[in-house]
Each structure stands twice: as structure tokens, then as C-alpha cells.
There are 2 protein chains.
Amino acid sequence: MDEKLMERLQQIRKLLHAEQLKLTPQREATVRVLLENQEGHLSAEEVFMLVKQKAPDIGLATVYRTLELLVDLRVIEKLNFGDGVARYEFRENDQPHHHHHLICLNCGRVSEIEDLLGDLEKKIEERHGFQITDHRVSFLGYCSRCRGKGPA
Amino acid sequence: MDEKLMERLQQIRKLLHAEQLKLTPQREATVRVLLENQEGHLSAEEVFMLVKQKAPDIGLATVYRTLELLVDLRVIEKLNFGDGVARYEFRENDQPHHHHHLICLNCGRVSEIEDLLGDLEKKIEERHGFQITDHRVSFLGYCSRCRGKGPA
DNA sequence: TTTGTCTTGCGACCCTGTCCCATTATAGTC
DNA sequence: GACTATAATGGGACAGGGTCGCAAGACAAA
């Protein structure tokens, strides 16, 4: 696990260097937080709080800038669950993401399920002349723990 | 077209009355704007601008309140295309919406396509114990006019 | 060491949206 | 029509998330 983390970190360092950018301590701390919370779908604010523990002097703007940078580098992905905050998630490779989200309307938990759309995109491209580069699917409802509770 | 509009307006008036609420001139103006721009996916700000033309003295807060009210009454639906603003769309009936969106990354145009998920929800409910009440699907890419242009 | 560039932290600021509150409009009753 | 209770309004203050400009700091290359 730890070697994998270091490996990924080196990989990102190279990505940055290729663009004449640096993996500064602040950026490294941010990446580490994201790597250590891959299942978390953290918001920028949450990332900021966690990074503060590693690097107390870091500024909020730096975290935002780093997240934006990582999105541009396609290292992470910016997600939108409709709760008013942007959330971030690692991208396993350079592909568009192909998993989908189950969003619980009671507890807010977000879990992931495999891709469902299969070759549907091809049909849409043909029928609508629309060149698809990515898709987002979210199912809203109640997770197994919250079934029958209604909205919080 | 105009009779249909009046009919819908009466329908909404009744809905409001059933809750001891009134269809005030401000609310009526807001509903009219929404009815006249059913394909527009208007943001609150856009609705406000258009309503101002009909009723120049209306306040922004009133428009927001009216939109929220109409969402509660399930007359309209609040949509989120990830561009940082809420958008609103009429609901044809009392069902959860079952059409999906094609969002063009170049010109921002949003078009609609029919429901794609069919009975997929049942499978997910079984497999994940997740009680689904709605779903959102968006495909991102380039519409027929913008193909090959890349992001704006 | 010097220089140029990338980064940073900070605070000001922007934007969408909500809240509070005093005032006004409305429907229902007499 | 007058009265009353309640719904609704406009305006401004405010909140949360996020961006921007800028002066200062860190770093790599020469």
C-alpha cells in the first residue's frame, strides 16, 4: 500500500515536471490526502481540513489551485453530487471514469457501482449526431441502512 | 398554445389553493416565464431577468421562493448540470423525470433524449439493496454543430 | 549569486442563494 | 364595504463556496 502510494506520487511528480511544474510540499500533502482517502469523495473543504493536519500553514487558495491543477492533469476528477460542493476523486488511469454513483437521500453516503451504459453511447451518437466524451450517472434513493426512512 | 397555457395556469392555481397558497401576480409572472421557455432549462437568474420584464418590481428573493415552491409542488424540477447554477424545467406530470441530457462542452446547449435505463433500476435495487427514487444521467460531449471543435 | 519562473498565503472579492423583517396584498367573514 | 388573519413581498444583510490579484517566498538553472 505504501509503496503504491510512493509510486503514484513519483508518477505525479513526473507529470508535473513534464509541464515545468513542481511537486511542492503543499501539493504533495494534498495529493497524499487524496490518495489516503480514495473512497471518500472529499470536498475541497474536507481536503483542506485534512491537508492542514499535515501542513498547518497551507492556504485554502493553494488547495483549490492544486485541485484544479490535478483535474487539468487528469489525475483526479471533479464530481458534482448536487449538494453544492465540488468533490474530488482519483482517476485510476487516463480514461474517462466508468463507474456510477448511488447517492443516499437520507445519510448522504455515496457508493459506487460498475458502468451500466455499455454500448449505449454508440447508439446515441448515431441517433443524435452527438459526440460523447463522458457520461455521468447518479441514482438517488435510500441505501440499505436508510430504507424506509424518507429524506433527512 | 395559449389555451393550454391558461389551462396549466388554472391547474397550478388549484394546486396552490389546495395548500392555502395564492397565485399572486408575481407567481403568475414567474410561472408564465417558465411556461414560455419550457425548452430553455433556465437558471434562477435567467428566470428573474425575464420575470422583471413582465413585473419590474419583483424581487429576486420572490423568484427564488416561487421556484422553490413550484419544486415542492412538483410542478417544476430543479436540475443541476454542474455549471454552478440551478436550472428549472417543467414536469409534464407527477412522475419523476425520465428523460436525459446531452450537454455540449463547446456551446453549452442542453438537449434531451428519452429514458435509457429501462428496468436497470430493478437490477440495482436487487444487487445493492438500494431503494432508487430517481436517477440523473448526463452525457457530455459535442453536439452535431460543435463536433471536432474541442472545449470552448 | 543572480535571475526568472513557479508558488504561496492572504485578503478582497464574486456569485448564487438564503434569511430576516417591516410592509403590503389577499381571501374570507361580518 | 370594512375588518381581520394570514400569506406574500421587496430589500438588504448575510452565508457558503470558490476565485483573483498581489506582494513575498522558494527553487532551479546559469
Side-chain angles (χ1 to χ4, degrees), chain A residues 12-31 33 41-73 76-88 108, chain B residues 9-10 12-33 41-73 75-88 108:
Chain A
I12 291 163
R13 189 190 307 274
K14 279 180 202 160
L15 257 173
L16 286 163
H17 282 188
E19 308 275 345
Q20 277 83 49
L21 303 171
K22 296 158 199 164
L23 185 61
T24 62
Q26 292 91 334
R27 286 179 182 165
E28 184 173 330
T30 306
V31 171
V33 162
H41 300 112
L42 300 179
S43 69
E45 204 71 23
E46 285 165 350
V47 172
F48 178 57
M49 304 287 260
L50 291 167
V51 173
K52 269 251 160 188
Q53 293 173 14
K54 290 181 194 292
D57 290 342
I58 201 170
L60 178 58
T62 300
V63 170
Y64 273 106
R65 281 183 294 233
T66 302
L67 291 171
E68 193 188 352
L69 188 64
L70 293 172
V71 169
D72 287 349
L73 291 173
I76 62 176
E77 183 165 12
K78 192 172 184 174
L79 302 173
N80 182 340
F81 296 145
D83 60 351
V85 299
R87 296 182 178 278
Y88 298 87
Chain B
L9 219 44
Q10 281 309 320
I12 290 164
R13 188 190 306 273
K14 281 181 201 159
L15 256 173
L16 286 163
H17 283 187
E19 308 274 346
Q20 279 83 49
L21 302 172
K22 296 156 197 164
L23 185 60
T24 62
Q26 292 90 334
R27 285 180 183 165
E28 184 173 329
T30 306
V31 171
R32 278 175 182 274
V33 162
H41 299 112
L42 300 179
S43 68
E45 202 71 24
E46 285 163 352
V47 173
F48 177 57
M49 303 287 260
L50 290 168
V51 174
K52 269 251 159 188
Q53 294 173 14
K54 290 183 195 291
D57 289 343
I58 199 171
L60 177 59
T62 301
V63 171
Y64 273 106
R65 280 183 295 233
T66 302
L67 291 171
E68 193 188 353
L69 188 63
L70 294 171
V71 168
D72 287 350
L73 291 172
V75 170
I76 62 175
E77 183 165 12
K78 191 172 182 174
L79 302 173
N80 182 339
F81 295 146
D83 59 353
V85 298
R87 296 182 176 278
Y88 299 88

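Here the structure is a predicted model, which means the values were calculated and not measured. No hydrogens, no waters, no symmetry mates; every other heavy atom, side chains included, goes into these values. Naming convention: chains lettered A, B, ... in sequence-line order (proteins, then strands); numbering from 1 in each chain.
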Chemist: Kindly compute the distance separating CG (A/Leu73) from CD1 (A/Ile12), expressed to the nearest 0.5 Å.
Modeler: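 Taking CG in A/Leu73 and CD1 in A/Ile12, the distance rounds to 9.0 Å.
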Chemist: Counting only side-chain heavy atoms from C-beta out, which of D/dG18, C/dC6, D/dA8 sits nearest to B/Leu21?
Modeler: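 So the nucleotide nearest the side chain must be D/dA8.
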Chemist: Check DNA chain C against residues 54-69 of chain B and give the residues with a non-hydrogen atom under 4.0 Å, in numerical order.
Modeler: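 Going residue by residue through residues 54-69 of chain B, the ones with a heavy atom under 4.0 Å of DNA chain C turn out to be B/Ala61, B/Tyr64, B/Arg65.
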Chemist: Can you tell me how far OG1 of A/Thr66 sits from CD1 of A/Ile58, rounded to the nearest 0.5 angstrom?
Modeler: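 That separation rounds to 6.0 Å.
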Chemist: When rounded to the nearest 0.5 angstrom, what distance separates CG in A/Leu50 from CD in A/Glu45?
Modeler: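 So the gap between those two atoms works out to 11.0 Å.
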Chemist: Measure the distance from CG on A/Leu16 to P on D/dC27 and round it to the nearest whole Å.
Modeler: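 It is 15 Å, rounded to the nearest whole Å.
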Chemist: I need the NZ-C1' distance between A/Lys52 and C/dC10, as an integer number of Å.
Modeler: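 Checked: the NZ to C1' distance equals 11 Å.
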Chemist: Name the closest nucleotide to the B/Gln26 side chain, picking from D/dT9, D/dA7, C/dT8.
Modeler: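 The closest nucleotide is D/dT9.
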Chemist: Contact between B/Val31 and B/Val75 at the side-chain level, heavy atoms closer than 4.5 Å - yes or no?
Modeler: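 No, too far: nothing below the 4.5 Å cut-off.
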Chemist: Can you list, in residue-number order, the parts of residues 41-49 of chain A that come under 4.0 Å of DNA chain D, counting heavy atoms only?
Modeler: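 Contacting residues: A/Ala44.
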Chemist: If I take atom CD from residue B/Glu28 and atom CD from residue B/Gln26, how far apart are they, to the nearest 0.5 angstrom?
Modeler: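 Those atoms lie 10.5 Å apart.
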Chemist: If the condition is ring pair (Phe, Tyr, Trp, His ring centres under 6.0 Å), which residues does B/Phe81 pass it with, not counting sequence neighbours?
Modeler: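 Partners of B/Phe81 under the ring pair (Phe, Tyr, Trp, His ring centres under 6.0 Å) test: B/His41, B/His101.
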Chemist: How close or far is atom P of D/dG17 from atom OH of A/Tyr88, stated in whole angstroms?
Modeler: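 In whole Å, D/dG17 P lies 12 Å from A/Tyr88 OH.
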Chemist: Give, for atom CG of B/Leu42 and atom CE of B/Met49, the distance between the pair rounded to the nearest 0.5 Å.
Modeler: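 Rounded to the nearest 0.5 Å, the CG-CE separation comes to 12.0 Å.
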Chemist: Measure CD/B/Glu19 against C1'/C/dT26 and give the value in whole Å, please.
Modeler: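 One finds 18 Å between C1' of C/dT26 and CD of B/Glu19, rounded.
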Chemist: Side-chain N or O of B/Thr24 less than 4.0 angstrom from OP1 or OP2 on D/dA7?
Modeler: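 No, B/Thr24 has no side-chain N/O under 4.0 Å of OP1/OP2 on D/dA7.
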Chemist: Just the rounded figure in Å: distance from C1' of C/dA25 to NZ of B/Lys22.
Modeler: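 Rounding to the nearest Å, NZ of B/Lys22 and C1' of C/dA25 are 7 Å apart.
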Chemist: Would you mind reading off the distance between B/Arg87 atom CZ and C/dC15 atom C1', rounded to a whole angstrom?
Modeler: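 To the nearest whole Å, that distance equals 14 Å.
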Chemist: Salt-bridge test for A/Glu46 and A/Arg87: reply yes if a basic N is under 4.0 Å from a carboxylate O, no otherwise.
Modeler: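 Judged by the 4.0 Å cut-off on N to carboxylate O distance, A/Glu46 and A/Arg87 do form a salt bridge.
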Chemist: Once you round it to whole Å, what is the distance between P of D/dG18 and CG of B/Asp83?
Modeler: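 For the pair B/Asp83 CG and D/dG18 P, the rounded distance is 14 Å.
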Chemist: So how far is it from B/Thr62 OG1 to B/Leu67 CG, rounded to the nearest 0.5 Å?
Modeler: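 The OG1 atom of B/Thr62 sits 10.5 Å away from the CG atom of B/Leu67.
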Chemist: Figure out the CG/P separation between A/Leu23 and C/dC6, and round it to whole Å.
Modeler: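 Computing the A/Leu23:CG to C/dC6:P distance gives 16 Å.
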